[in-house]
Structures are given as C-alpha cells and as structure tokens.
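So the structure is just underneath, and the comments pick up after that.
Keep in mind the model is a prediction, meaning the values are calculated, not measured. Basis for what follows: all heavy atoms, side chains included, without hydrogens, waters or symmetry-related copies.
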Amino acid sequence: MSTTGGAGAPQQHGESRVVQIYCTLPQGAAAYCPLQLSALDTSRTVVCKAVITLGLDSSQTYNLLEVRKSGRGETLLEAGERPLQRVLLWPPEAQKWHPQTQGYYFILQQKQSNSGFNQDESRREDYDDLCSLQTVTDESILEVLRQRFYRLKIYTYARNILIAINPNRFLPVYYNPKYVQMYEKQPLGKLSPHIFAIADVAFRTMLKRQVNQCILISGESGSGKTESSSYLIHCLTALSQKKYSSGLERTILGAGPVLEAFGNAKTSDNNNSSRFGKFIQLNYLESGIIRGAVIEKYLLEKCRLVSRDKTERNYHVFYYLLAGASKEEQEEFHLLNPQDYLYLKQVEDNDEEEKLGQEYKRLHQAMEMVGFLASTKKHIFSILSAILHLGNVTYKLSENSQALEVGPAEVLTTLSDLLKVGSSVMYTKLCYATQLRDSMAKCLYSALFDWIVLHINHAMLNRRDMEESVSCLSIGVLDMFGFENLHTNSFEQLCINYTNEKLLHYINQNIFKLEQDDYVSEGITWQYIDCTDNSGCIQLLGRKSTGLFDLLDRESNLPQATDETLLEKLKQQHQNNPFFELSQTIRLAFTIQHFAGKVNYHIKDFREKNTEHMRPEVISLLRSSERSFLHHLVASSPAALFRWGILRATIRILTVFKNMARHRAEFGWGSMTLDFSFDLGRMVLNLMDSRSLQHVVDLTAHDRTSKSVFQPFQRTRPPTISTQFQASLSKLMETIEKAEPFFIFCVRSNAEKRELHFDGELVLKQIKCTGIVQMVNLQKSGYSAKYTFAEFVKKFRMLFPKGATASPAQITGLFERMELNKTTYQIGKTKVFLKKKERQLLQDTYNKEVMDHIIILQRWFRACLIRLHFLQKRDATRIIQVELEYTPHPYQMPNQNITKANRNPTIRISRATRALEWNASLDREITDPKELRQLDEFLGNQVNELQSRIKKLSPTESIFLTSTMQFRETIKSMYSVQPQIAYKDLMKGYHNKVNTLAGPTQQAEVSLVVNLFQSVLDGFIRAELKRMENEPAKVNATKVTKKRKKEKSPDSPLDHLFSTYQVNIMQSCDICGSYIWGMEKAHMCSVCKLICHKKCLGKITTDCSTRCDGSVRGSLHFGVQVCVLTSNANPVPKVVELLLLHVELNGLYTEGIYRKSGSACQARELHQILETNPESVCLDSYPIHTITGLVKRWLRELPDPLMTFSLYSDFLHATELPEKAERIRAIYQKIDELPPANYNTLERLIFHLVRVAKEEEHNKMSAGSLAIVFAPCVLRSPDAEDPFLSMKDVSKTTLCVETLISEQFRRYKEKMQNIEKLEHAEAMAVNQLKLKRQNTVRGIYKSGLYVCQSGLYMAKMHYASSHHRPYKGEKHEMYVKFSPRLS
C-alpha cells in the first residue's frame, strides 16, 4: 500500500542502487534476491525486505553480513548501519553487479540466539494477529503496530479483519505476481498478513458457499484506501485469470487508472485522494470465471474544478494533459502552460514535468484498454481544454454600465473551436456573470465523468449473460471517500462524513451486534462487549423531516431563503441535540460531533450546491454543437439518443443511394434499381437494440448529473443533490447487506505524508475512533465456528455412533470423548459454538475416520475380487482336466485339412506360401522419422497399384488392402515421435490387426496376408539399405545440422515460460529490483510468476521454482518427478514410451484393455525389472493387461500428477464453463502452463488414448470409459486429507480428461481425412497421367509426371507434417495443435 505523490510516483531520497543479497539458509530459498536500496535504508530495513522477498520465516531473527575479498572475512552490520555506504567503498566493477565470484557481496544469515529474552522480544514484535496479545489495550495494540511498521510489516490481522497502515511509500516486495500465487488457497493466518490473503479468502468463500461477498475498506483520507482497492482488484482478476483468461480482465484493470486520472486529486492530506466514492462489483460464474463488472460512482466533488485551498490541486488529468501532450496536440487543443489557466494557477505545483508526461502516456494506454478509440480520446481532451479555457473567460461592465461584456475575444474563439459552437451563440449564453461560467465548467466535467463511467461499464458488461439470464456471483470492493476534517468544510465534506458514519454503523452491526445477539439468543455464557454507537449522529443528518438534509432540501426550494435562514432553522430544530452546536468562533458555521471528532461546517453555498443542475442555457448551448460527442454528454436518455443515431444514419444511407440513382439517370448511365427485398425494418430494429446500453444506464442512474431542461408545463423539480445522494447510499447499503462482508481498516501513519514515519498519537486516535480494541476482544473471546445441531451431526456423522440424533447430549458426549477443553466450546439452545483450533481438530479427526473406513472397504473389496478370481481359475482348471481325460490323440483325429491348399484358387497376387518365419532383416530398427515417411509412401504406392490392377478382390486381397491402409495410419502417428522401433515390432502390430479384421471365420487367411506383407516389407528394407549405403555422409550432416539448430533456440531461459505482461499496479523487477511502472510492459513466467524487464531476461540465473533441476538424475523410474526422467533426447520418460508403444502395437484390439487388471505377481515382477533396467525387459513375455496396469501405476505413483496439483482447481473450473467451445479453450489454456516434461508426457498419453478410442469397436473403450480410468491417475486432488473432496470432483475431473480425448480424437480424424483426400487426388492424377503416356512424347510425359507428382507429394506432406509442429507456437488457431502428433 502506498500513497504516492501526485500521479502515484514513489519519492526517493538520494541515490538508489540495486544490491544483491545472498542467502546461506538451509531452507532451500533462492540463491539471492535483488533489492533497490536508497542511502537512507538501514540494515534492519534490508533484512526485512530480504525476508519478505525470499519468503522466509518472519518469526526468526536474521543478520546481514558483508563479505570482502581483502581477507577480512564476514563483517556483521549493526541494525542502524547503511549498507549502501559500504557498497560505495567497493571497487567500481563490483558496485553495479556483485556476484560472489568477485568477492564483494552481502549475505543473509539466521541468528543463533542463546538469550531467551531476545527470542521473547522478537516474538513480541512479530504478532501477526492482534488476538494473540495477552492483554489487549490501546497502548499494546499501538506498540505492536509500531514495531511491525518499522519492520515493513504494514498488514496485521485481528482474526479475519485486516488492519493496514499506509507507509506513504511503495513497497515493491509486497505486490508482485508471485505474491498472488503465494497466498492462493492458503487459510487466513497461515502466512504473514497480506491484503492478497483477504482477496483470496473472499474468492474461495464465494465459490464454496455460492454467496456474494463484499470487501469494505474504511479509514480516513490519506490512509491508503485507493491503493488498497487497486491491489484487491489486481488480485481478484489474477485469480480469475488462472481459471480462464477472456480479455475482460484487461478492461477491468484499465478502468482503474482512467477513473483515478479523472476523479482523483492532490489534497493536503493525500497525494492521490479519491474525490468520489466507488463500488466495484466483479461478477463471476459459479465456477469462478469472471464475466463482467460494474462500477457505481458516488458524489463527484465538482467544486474542486473551480476553487480549492492553496495547498491542493485540481484533478490529475489536467496536469497530465498539459505536461504530456505532443506539439500537434498542443496546437489542436489550444493548450497553454498551467499557470496561464485560472482553474489551475491557485497552487504552486512542484511535480516534475517528466513524471506527469509519463502518466499521460499511461493514461492513453489505459483508455485504449477500456475501448476508447483515438477519435474519442480527442473529443475528451478537447472538452478538458475547453473547461480550462472557460475559467479564463472574464466579465466587465460596458461603458454605459448597462450590460456585462464577455471576453477576451481570443478565448471565446478558442472555446468556439473546441466545442464546435458558433461564436455568437457562445457570446450570448455566457453573458450571465461568473456563476454561469463556473456552473457550465462544473456541469460539463461532471457530465464527461458520467459518460466515462457509462462507457467503461458498457465495455465490462457481458451482454450474453444479460440476455440468457446466466446466474452469477459477485465480489464487491467498496472504496468510499475517507473521513475529512479540512480547514474549510462545506457541503461535500458533510456528505462524505455522513457516508463514513453509515459505514461505521454497518461495521459495528456486523462485527458486534449481530454476533453477540446470536450468543445471547442461544443462552450461552457471554459477557457483552460494547461498541461505539453513532446512531444519534446518523439520525441528526438523515432522519426524515427533521434531519439536516431534509431541512436543507426545504430551504433550497424557497426562493427567499438565505444562508442565515437555513442556519436559523437548523438551530431551532437541533439546539438541544448533543451532536449539534453552533460554532463559537466562525460566523455562519455549525459543528457536528462525529465518531472521529468534531467538525466545523461553513454553511455558505450549501443551498446552491444542493440544487446544482445542468442549466437549460448550458444544455441548449451544447446541443447546438456540431460535435455529436457533446450531444451524448447532455442527453437525458443515452439509449434514446443511440436509437435516434441509428435511425438517422439509416435515413442518410438511403438518401445517398437515392441521389446516386438520380444522377445515373441524369447522365444517361441507365437506371439503378435498389433491391430492398430484405426486411429493412427488421434490420433497423436489430441495429437499434439498446437493451445492454439501457441496462448499464439503469445501473448508474442513481448518481448521474441532473439536466434541468425548460418545459412550460413542468411542475416537478429535479431531485436535489442530497436527495439523490441519500437514495444512492441507501441502494448501496442494500447491496452490501445481501453479501457476506470482509473488513479492511486503513490507518494513516502520519499527517505530513512522510515516508515510513509512524505518528503514534495520530494512530492511537484512529485506533480509538474505530474501536479496534473492542473488535480484538470480541474476535479473541468469540467463536469462529457455529453450526446448528442438525448441521453439526450431518457434517461429522462418522464421529457419532450409529443411530445418533442431533441432540445436545450426543454432541456433548463426542466432545468429552475427544477430551476438548470446556472453555473452547459452548452448546446453546439450537447451535454449537467452537473455537478455531477445536473446529480444525474435529475436521482432522473426521478425515482420519473417513480414511480408516475407506481402507476397510478397499480391503473387503480386494478380498472379494481375489476370491472371485480364485474361484474362476479353480473352475477353469477342472474343465481343462476333464477335457484332457476325453480328448483323443492326434493320430485318432480325422484329417480335416486335406483340401486346405486348394481353397483359394482365385488369389491373383504373387505367391505367399512360405511358412510364417521372420527374416533377419526384420531385426533392423527405425531411428529416423524420414524412414517412416518413406515406408508410408511405399505402402501407399503398393495399395494404389493393387487397387488399379485388380477390380474384384479376393478375401485375402481384401484383408490385405484394409489392413495395410489402417497400418499406414499407425505409421503416420509415429512421425513426430523420435522412433526407435524394429521392423519385427511393426510386423507384430500388423499381425494383430490382420487377426482382428479376419475374425473367427477367416483365420485361414491370416498367414497368407502376413506373409504377403512381409515380402512387401522385405523389398522396402533392401531398397532402404541400398539407399543408405549410397548417401551416408549426407544423412549424418543433416542430423548434425538439425541438432545444432535446435540447440541454438531454447524455448525460454532456465525453463521459465515467459509471456508479455502489462503491469496495472506498480511492481518491481525480480532481477534488477527497479520499479516497473503501471501500464508498462514486462515479462512474467506463467508458472513461477517471476516478473522482470525485457532487458533483464539475459540476467536470470535461477531455474523456474516449480520445475526440476535437469541436472538431477535418479536411478528409479517410478514414483519420481517427471522432469527427472526426461531430457532433450527423451522428452517422454523411457518407461512410458516403452509401455505405450508396446500397447499400441499389440493391444489396441484387446477387449477392456484398460478396464481389466492383470496378474499381481507378474505386475510386481515386471515393475521390478522396469525399475532397475527397462532396456533389458521383454514385454512380449507378459500379458497385455499386466502392461496396461503398469501404465496406470506409473501415473498414480507420480509425486505431482501430470496435470499438476497447482492447476487442479483451474482445470475443474474450466469444465464448468457453460459453452463447449469456451470449455475446450480454457482447458487447453491451462495445459499450456504445464511444465515442459509434464506437457510432453501428457501429450503422448492423450495421443495414445486417442488411438485406443479409435478402436472402440474392438476394445470397447470409448473416450468416456478411458476418462473414467485415467482421470484419477493424471488429475488428482492436492487435498489428500479430505477424502470427500476428491469424491465430489470425480465428475469434473472425468469430464476434463474426456474433453481432452474427444477433442484430440476429432482433430485426429479431421487431419487423417484431409490426408486421405490428398492421397486419393494424387493416385487419380497418377492414373490419368499413365493413361496419357501412350499418346504423349516420352520426354514431355516424364517432365509432366514429375512435376505433378512432386506438387501433390509436397501438398500431402504439408498435411502429414503440419501435425508435427509443436502446439505452443500455434495458440491462435483454436488450439488445434495441442499434440504434435494430432495437429
């Protein structure tokens, strides 16, 4: 959190450098962390930053030591020493970048303390939760917050309430993307307090309970609420992006900087103060996918535009525009220097012009993110310039003193050009004195701000959800203006402070009253804790008929009313009210006792501000503009204006066509008949459909600028500002009350906006005003878990005896059996109340009991299965014994195969009658994918020749043709695999295929077909050997070249997966430590969330934290990380490739191939061989079901499954998307984030399952059946302690894997069909050329044949090889290329 100067830039003291801190701790932390240090940073500060960055245990004590090459050894730095001063004493080459090899560096070391006093003191300073305090007082809380603040721990818990102290400085180590990942799915309190933890818990609670959530941020002005809301939105969108990125997140993140530029300003208390309130509601699907957002704004401070205190500034956007506009823009918008504008020159601005110029560029980028076109931005900047020039309009009495003269003339000319309004009209409308000028400026800016909010909301709206009424959940972030007590407080401060009173009342109701009322109604022992009651102040301001706002409304409607009469009525009504009194020191002022103290309000201009609407003169002036954009600003109904614009454009188009037809007729070019046979009316009505726009207008109608249009018969007045404000505030409270709240209390550290300065007196005042002591006492004494009796028994059913009822006696008996301390729970009339630790103990006991029952069930089922198998084998043994007793000897069998040799007289292929014996040439191995392609081409030519030569096929020829064509698909599937397979293995696969196709009725044909295929294969092998003998050098050179080329182009440095990342909140580079400003582009690893500048990519020295070190190798092949078993030469583990290839060649036609299990003894034997020496195994010796069982076992024993624990919930949420196309896209998006080893192995496995599913007719294994088997193997729940969680997710995990298999199967078939079409076209072309050979000159024919065949061959190879290209570079084609083997 930070409150930064001006545009949000951090203030630095003196020179700053990046210093590398090396870690010598045994926890396995990173090798070093770079920190950006200033000359004022002490060793204590450096240690705190390093501990946070490295994620070390903050409860321990650490020392910072300096190492010098000169032989002095390690020097301990005292807590107050300045490390940067020591760096400046090092050699110049070691100051900028100091690796350990140069001998000058800092190391972080854990302190070994022998003093119990120091350890206690350290623990006392590190209270993460204020409820851990032994004694809770204002002073003890203040001391804890002080100690944590000076250790850069600005966040502190009070159970589930977060207290955040504004350091007035950006702390980069707190908000980088890796911190979003660090706090994801972590229970509140497990890690150090952080605002990201609150965001994550709110997100998880919404998904778990399916209830809307709301995060309320409260605090004084300058306490950091705006920055906190930005961090929350940043974290909540990042959590949603992990599910599925739709691009909407970019729009939401861009909205923040735009609204800050137009709605924030520098005040005496805050450099980036929000001058309007906002409630940002993020809408999610029930799966956690963000589907839209709505921003509701409240009470923009318009008076700031024309007047302020001398120490304050106007809105940021004016200074950005003047400092950052190019020369062309300065001429186009008629821009001057800031001091040349009356609306800006009231303050001396010391901000650097360069910094404001950078903010202008960031504003441009943010406006593009929310959908502003270049022309729209020009319109907006033109209006901003016109508003500034309005302030320069002057008035003076004419010489005869009868009228006001408006001038200067050049200003009016400039305004006329910027607003596209006639000069005479401009002059006429402005002749009403200064009040009209300022009113026009304020209303124009307010209308522009309304339009920007409306446009952003329309960009963030999901129209499909609105039309289809899709059920959505939401998380709201409330960032209202903080409590203010300025030198001069007016109507705006009264509304702001009234809002804070209402919020405090809501907080007290939720934290204190509702909770304690529940305890009292249940009759448990409880000592009531009182809280601040501010209902009297709220009644004073907001009560009907007698409240200050109602009295103000009445006086505002009386023409003769004055400031004095208003103050007199307030005095008469409330002179006896303890919260109201007249000011004793200031005339025309009154004082209100707020929860944060007394505030004096000047009553001057209360009535004018309460009735400030856009006047009819201003509306008529702007409506006369030639710029249509201005019409949108003053439109009473944006939807009606939109419909009229569509209708007007349609009429203009028809008029143009009509004029063109008339001109053609006049020039004698013939008449042009316009065909309007289509339903023009329906088309126009569709274009005029403005339901989505009207929906957005209705959402923000509560706080739009009122337009007062003159109507002769209008009797009702537009609502006053206070009436409108109270109605919008009531609507906001209704929305909040429907959601479950989380609370963040922001605290100002000092009133001077000094960096890292803790003003104890100011902080103590805020602690007392917000009642933090009472909150801590309540959270400490209260019960964090409560259940009704029925809910408790249902949730922990297995801990109760059979037949137990939901009664207090049964629940008490359970607690006594578990020996729970009676002070940690209470049983009321209908509910059970538990402390946090006891609830967790109950959950752990319950999970253990469930696991015990599961083990018992598994033991029983296994016993039943083993007995069933035993009985089957025993019965089979008896049948065999009986058959052996009655089976005759071979010489007694009749000779039934005498005529076998003559049964196929019609065969017309070359003889294939030799015995089924394989030649030695089949032992040759294929190691080059090119050889597979050539074999595929050779077999294709053989098939084409057979089809063209023989019109009617015999049964043997038919089986040969079908088997060979299907076998070619098997060969094509091996193209992208680095092949290492013998021809004899191919023969085995072909034999299995022929066996399946022949069936039981044609088994006699099998040997003939196999022998025929072997003879064909022999011919190819001989030709291939001869070709390799002639071209050995060329082949080797090609291989070496390809290998070198691959080595030169690694995917990413050190296994990181970097992608471009647009920063929306200021962060720091994890490599050099310098700042990355908002809206800048950086590079982020999508896995470990390391973020850095593009220039720092080459400086990365650490591997991706979620990957394995490729240098580590183990001797085992089961139960180890996938990355340990892979390398560049073997992207898929050897054991997996060996098993899958064997199944593909020998088991695809086996029924229930993955459904049935093999022998346990053979599985153990094979497992032992594969574990020690997989190269020596002979898989032919084992049944196919034993091998498939080993495939599943290998997957189950992985420490981290293929689809990784970290992405488990993301895959599940992707399956919950309503549309199939979105579901597929989201799943493939998550697959792209897998580590390379997991990605390659999963890719190979899914392709294997596609091949299995392709033969469903024979093996009875569909995509759904395979998903049921493999989902528990590749997509396991990371929460092994809760067995029911995995059971609930079975349907989702199965759907995820089934979607993968089915989609890859679809793409496989599509690609194969394309290849078949090309091959058919090639065969047809070759046949046609053969027919022409007899009538064509031989030389010409040969040339034509070569060209045709070459062209078709290249086209076919494009299809056949396009699915070998890796998927990761082809993302934008609907993820067609997940698997290199399928795309």
[X] and [Y]: side chain donor to acceptor below 3.5 Å:
{"X": "Lys835", "Y": "Ser784", "answer": "no"}
{"X": "Asn534", "Y": "Thr532", "answer": "no"}
{"X": "Asp844", "Y": "Gln840", "answer": "yes"}
{"X": "Thr156", "Y": "Arg148", "answer": "yes"}
{"X": "Tyr155", "Y": "Asp128", "answer": "no"}
{"X": "Gln810", "Y": "Thr805", "answer": "no"}
{"X": "Tyr179", "Y": "Gln181", "answer": "no"}
{"X": "Ser240", "Y": "Thr237", "answer": "no"}

Heavy-atom pair of closest approach, residues [X] and [Y]:
{"X": "Tyr519", "Y": "Tyr783", "result": "OH-N, 3.0 Å"}
{"X": "Leu130", "Y": "Val776", "result": "O-CG1, 3.7 Å"}
{"X": "Pro741", "Y": "Leu216", "result": "CB-CD1, 4.5 Å"}
{"X": "Tyr846", "Y": "Arg797", "result": "CE1-N, 4.2 Å"}
{"X": "Cys1273", "Y": "Arg1276", "result": "O-NH1, 3.4 Å"}

Task: Between Tyr825 and Phe815, ring centroids under 6.0 Å - done: yes
Task: Check ion pair Asp479-Lys225 (N to O, under 4.0 angstrom) - done: no
- [ ] Over 60° means perpendicular and under 30° means parallel, so classify the ring planes of Phe196 and His234, tilted if in between.
- [x] tilted
TODO: Take the angle between the ring planes of Phe149 and Phe758 and call it parallel below 30°, perpendicular above 60°, tilted in between.
DONE: tilted
TODO: Could you pull out all residues at least two apart from Lys795 that satisfy side-chain contact (heavy atoms from CB on, under 4.5 Å)?
DONE: Tyr787, Gln843
- [ ] Could you pull out all residues at least two apart from Ser521 that satisfy side-chain contact (heavy atoms from CB on, under 4.5 Å)?
- [x] Asp518
Output all residues satisfying side chain to side chain donor-acceptor pair (under 3.5 Å) with [X], sequence neighbours left out; order by chain, then residue number.
{"X": "Lys829", "result": "none"}
{"X": "Asp517", "result": "Lys513"}
{"X": "Arg543", "result": "Gln539"}
{"X": "Thr823", "result": "Asn821"}

How about [X] and [Y]: do any of their side-chain heavy atoms sit closer than 4.5 Å?
{"X": "Asn166", "Y": "Ile154", "result": "no"}
{"X": "Cys214", "Y": "Phe742", "result": "no"}
{"X": "Ile827", "Y": "Phe833", "result": "no"}
{"X": "Phe800", "Y": "Phe792", "result": "yes"}
{"X": "Ser218", "Y": "Asn500", "result": "no"}
{"X": "Ile475", "Y": "Gln213", "result": "yes"}

- [ ] State whether the side chain of Glu220 and the backbone N or O of Val747 hold a donor-acceptor pair below 3.5 Å, judged by distance alone.
- [x] no
Task: Flag, side chain of Gln516 to backbone of Leu514, donor-acceptor distance under 3.5 Å - done: no
